[in-house]
Amino acid sequence: MADRYRYDPKEIEPRWQRVWADERTWEVSNEPDGREKAYVLVMLPYPSGEPHIGHLKVYSVGDAVAHFRRRQGFRVLNPMGYDAFGLPAENHAISTGQHPRQSTDEAIAAFRQQFHEWGMSIDWSRELATHDPSYYRWTQWIFLQLFEHGLAYRKEAAVKWCPNDQTVLANEQVIDGRCERCGHEVEVRQLEQWFFRITDYADRLLDDLDTIEWPEHVKTMQRNWIGRSEGAEVVFRCEELDIDYPVFTTRPDTLFGATFFVMAPEHPDVFRLVAGTEYEQAAHEYVNHALNESNEERGAADKEKTGVFLGRYVVNPVNGERLPMYVADYVLMEYGTGAIMAVPAHDERDHEFAKRFGLPIREVVAGGEDVQAQAYTGEGPLVNSHPDFDGLPNREALQRIVEWLDREGKGHASVNYRLRDWLLSRQRYWGCPIPIIHCERCGIVPVPEEDLPVVLPDIADYAPKGRSPLAAAEDWVNVTCPSCGGPARRETDTMDTFVDSSWYFLRYTDAHNDEAAWDPAVVDRWMPVDQYIGGVEHAILHLMYARFFTKALADLGHLNIQEPFARLFTQGMITRSGAKMSKSRGNVISPQSYVERYGADTARCYILFIGPPDQDADWSDTGVEGVHRFLGRLWRMSAEVADTTGDEPVPEELSADDLELLRKAHWAIEKVTNDMAGRFAFNTAIAAIMELTNTVSKQREEGDPSTGALRFALATAASLLFPFAPHVATDAYERLTGRRVWEEPWPTADHRYLERETYELVCQVNGKVRDRVQAATGASREELEALCLSASRVRAHVDGKDVVKVVVVPERLVNVVVR
RNA sequence: GCGGCUGUGGUGGAAUUGGUAGACACGCAGGCUUCAGGUGCCUGUGGGCUUUACGCUCGUGGAGGUUCGAGUCCUCUCAGCCGCACCA
């Protein structure tokens, strides 16, 4: 056959990409035009090297949603930007001497070009990069807003320090005691750092999860991370030293079962308690040992309990008992008050410790088997406690005991969170400068708003030295105090890159605003993001921080929403031979190699066809070829039909072959629409278009359909395919109809073609399919029953037996129950 | 340990509320086209059994249960993945 009908993505794709770029097809105005808005957002990429296969997947999903919504009549915002600050670019600079800005800008150029080559329908007029002063000027402005309202503060704290990257880390960036970035073991250091007061928002971050449509597992991860525990704070008094020690407990009902008291090794009072006593040396040795132990060693769950007696006692406020005090590393300074009451009968850790140190174990909640042998953590009535509470179910006793503590001034109901404040300062170069000036006289002084941005200066040496490399930029560091005019120094720490990405979705709405971070009226028109799409790896960090920023900015009057992302979709990973792609495994596949070989349409379509997009999927080279063949078949048939037939309409009088084509076409419209609207079932949507294409192919070979019906079926296939493979779909559609498919409304199924006069009635005997017969749509139950019973293969299984029951499901099946 | 997810042919997966298990695709086998390879197209393809009938039977990790009917619901259990984890 002539070359004319060879599917050539290398010709088709650039041709349409040029049209979209020249006509700025995907740009959208901020001015309302009567259409409802839809903000479709894919998490912005971190530009490093070239896009990988995960980028192809996530942007293919986002683009399909954007196209679908546009053609459904929505005004769609689908922007793109780059999360451009961060350690990889800086580490690259340290090893090569190349300025991080240069390597970052090169990566951005590569990303931008590939997104174009993939045919993504992005509104490029709103493109942003977080390392651009016109962007981070407003990151600094937000920092100052939070600072001025007490939500950003500086304090000395025991922080996680990565000795390799020479920087502090957020709690969230420490995985199993190791640096998330480089994997090096993390140390604890006492340093003065900047924090955001995210803990103030713990309850709202928790409660508002109920208001958003997110995958349950992501919500669960956030709930666990916030880690809200309800209980009571109870005060234990050390009478010898006249000090009160409050503890947090979720089980105040077990207060009468407390038999000892434990402090964390980091607790500031440990040394004071033992000072000058015979226990001093042992306590010091123990604490030093515990603090030198790595987090990993200390955190091992199966590790034996250790600790030492401090020679002191505290008084249990509920019964006046004197409890011996210990220091033990199973108590954590960073949770609760750094000290606990120990109830070995009803807490496994305390039980283990008590066994090891021969401490008494007193049952106060009945229901366990033998608390001497094993802690009982279940429910039950109180025993061995106090006549006022004994016999009460422990839940009820808990309430009553807390009320009693409150009346006596010995405690009160309390809530504790696992969530810590967000440590945002980094002693690194390639980040957004913190707009603060330290003045000897005035202390911490914010940079005046009109002086923003504080531009990141160029420096010669990026290597980390335990303080920010920026400190070396003397000209930049030394300034006059904006408050008193005296000598002062700039803050040299930079911000965690998660600060940059915690508000970028707001900037897209008003990306060129030089007067403000955004115009509140414009932001109102677009926010919240209707569909956010990205990887689960951001389930905690980015998604929690962005929610916190949104709430804080709303409280400060800059936003009118409480949640930034109304719906969230998290896509699964693409694996290769069942394993995560990595350079060390050597199983990395480059999306570009497939785009060059098969075209972007094939690569995009395959990645959506491979399986449900929220699940992990294994890349298969032969699978790609299957999709390529399908696209080629659809294009070739469209081109041939367009060239060899006239512009005939679908005829009034339909032949049986025409009817089959129209039915399949309308069935596919219905199927694809439902698969895209209700869930992101792109794989079954594409399968439906394949079925339609196969039907067309079969009709052309074997049937005698009218050219009108043929054109309609093919144009429908192209139209439905457009969100997944925009170039080939556009080209095929234009050949068939002379029109541009993206300007066409999304097709709607004509239900007349979906309803049939007859259908295949499944005939079962005892739940087993025995026959299938044609039944008239709308036939009565009696008719269906008779039809089934008269079927020959049904009779073979029914004759000679008693019919016990007949179940009729109209439009589906009849089940005859025999004995 | 706690929480979440997944388990279906040789492979990826389909089956939206309990109602024909295996759509669609890959792979494989056979055929057509071709000097040949490739491309393209057609046919077949869960296992077993036999009387080869489009017939029976088994079959959705395993074992029970509910139901006329279970991949789908319930109970128990196994395997794998992810998150959190000495959080009081």
Side-chain angles (χ1 to χ4, degrees), chain A residues 1 6 175-176 215-225 227-229 231 247-251 254 262 264 298-303 305 328-332 334-343 346-350 352-353 377 416-418 536-537 539-540 572-573 606 609-612 614-627 629-630 632-633 636 671 674-675 678-679 681 683-691 693-694 697-698 701-702 760-772 793 796 804-809 811-818:
Chain A
M1 202 33 158
R6 192 174 62 88
I175 312 289
D176 290 335
E216 208 44 51
H217 66 278
V218 176
K219 289 189 183 183
T220 304
M221 279 193 238
Q222 293 221 342
R223 287 190 187 106
N224 290 344
W225 193 260
R228 182 188 154 100
S229 301
V247 302
F248 174 75
T249 176
T250 53
R251 295 294 304 275
T254 64
V262 192
R298 187 172 160 185
D302 51 0
K303 187 191 156 194
K305 292 281 173 289
D329 65 3
Y330 81 93
V331 175
L332 310 175
E334 61 263 28
Y335 187 78
T337 62
I340 62 155
M341 67 166 195
V343 184
H346 305 292
D347 180 283
E348 279 158 21
R349 297 151 298 173
D350 297 345
E352 211 184 303
F353 192 88
T377 54
N416 235 284
Y417 301 91
R418 212 185 75 102
V536 237
E537 64 271 22
I540 296 170
M573 219 175 20
Y606 171 65
F609 180 66
I610 192 167
D614 55 332
Q615 285 174 26
D616 290 352
D618 208 59
W619 184 274
S620 138
D621 284 348
T622 51
V624 181
E625 286 176 15
V627 169
R629 278 199 287 273
F630 155 66
R633 206 157 49 234
R636 196 175 321 109
K671 171 80 179 149
N674 289 339
D675 284 352
R679 41 192 199 145
N683 53 332
T684 52
I686 293 167
I689 304 168
M690 287 176 172
E691 283 194 54
T693 309
N694 291 345
S697 171
K698 195 182 112 215
E701 295 289 324
E702 299 166 17
E760 197 173 68
L761 180 73
V762 170
C763 302
Q764 296 182 333
V765 177
N766 287 349
K768 290 199 169 85
V769 180
R770 295 302 180 185
D771 208 346
R772 298 177 174 93
R793 283 200 288 276
V804 180
K805 184 177 179 180
V806 178
V807 181
V808 181
V809 184
E811 317 298 311
R812 270 199 200 276
L813 57 79
V814 175
N815 186 16
V816 182
V817 185
V818 298

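To find a chain, count down the sequence lines: A is the first, B the second, and so on, and within it residues start at 1.
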Distance test, side-chain N/O of A:Arg772 to OP1/OP2 of B:C54, below 4.0 Å: no
Side-chain N or O of A:Arg636 closer than 4.0 Å to phosphate OP1/OP2 of B:U39: no
In terms of side-chain heavy atoms of [X], which of [options] is nearest?
X        : options             : result
A:Arg418 : B:U57, B:U16, B:C84 : B:C84
A:Val817 : B:G83, B:C68, B:G4  : B:C68
A:Pro612 : B:G83, B:A15, B:G13 : B:G13
A:His217 : B:G83, B:G4, B:U16  : B:G4
A:Asn815 : B:C68, B:G4, B:A88  : B:C68
A:Leu332 : B:A88, B:C58, B:G13 : B:A88
A:Arg679 : B:U16, B:G55, B:C86 : B:U16
A:Asp675 : B:A88, B:U16, B:C86 : B:U16
A:Val769 : B:U20, B:G19, B:U16 : B:U20

So, using salt bridge (Lys or Arg N to Asp or Glu O under 4.0 Å) as the criterion, who are the partners of [X] when residues are at least two apart?
X        : answer
A:Asp350 : none
A:Asp675 : A:Lys671, A:Arg679
A:Asp616 : none

Sequence-distant partners of A:Asn694, side chain to side chain contact (heavy atoms under 4.5 Å, CB included), two or more places apart: A:Arg633
Minimum heavy-atom distance A:Ala342-A:Val262, with the two atoms named: CB-CG2, 4.3 Å
Residue met sooner reading RNA chain B from 5', once A:Gln764 and A:Val807 are mapped to nucleotides: A:Gln764
5' precedence on RNA chain B between A:Arg812 and A:Lys698 (nearest-nucleotide basis): A:Arg812
Glycosidic conformation of B:G9, taking syn as within 90° of 0 and anti otherwise: syn
Who are the side-chain hydrogen bond (donor to acceptor under 3.5 Å, both in side chains) partners of [X], not counting sequence neighbours?
X        : answer
A:Ser229 : A:Tyr335
A:Asn815 : none
A:Glu216 : A:Arg223
A:Arg251 : A:Asp253

Roughly how many Å apart are [M] and [N], using the [atom1] atom of each and rounding to a whole number?
N     : M     : atom1 : value
B:U50 : B:U57 : P     : 16 Å
B:U17 : B:U72 : P     : 13 Å
B:G3  : B:C73 : C1'   : 23 Å
B:G9  : B:G46 : P     : 13 Å
B:C26 : B:G13 : C1'   : 10 Å
B:G55 : B:U45 : P     : 15 Å
B:U16 : B:A23 : P     : 15 Å
B:U67 : B:C74 : C1'   : 12 Å

Distance in angstrom units between A:Trp225 CH2 and B:G83 C1', rounded: 10 Å
For atom CE of A:Met221 and atom P of B:C5, their distance in whole Å: 11 Å
Base-contact (B) and sugar-phosphate-only (S) positions in nucleotides 22-32 of chain B, heavy-atom cut-off under 4.0 Å, - elsewhere: -BBSSS-----
ring-ring contact (aromatic ring centres under 6.0 Å, His included) partners for A:Phe353, two or more places apart: A:Phe260, A:Tyr326, A:Tyr330, A:Phe357
Nucleotides 64-67 of chain B: which of its N/O atoms have a protein N/O under 3.5 Å away?
none

Sugar-phosphate, base or nothing in reach of A:Leu813, heavy atoms under 4.0 Å: base
Sugar-phosphate, base or nothing in reach of A:Arg228, heavy atoms under 4.0 Å: nothing
Secondary-structure string, 5' to 3', Watson-Crick or G-U under 3.5 Å, | for another-strand partners, for RNA chain B: (((((((..(((......[....)))((((((.......))))))((((.....))))..(((((..]....))))))))))))....
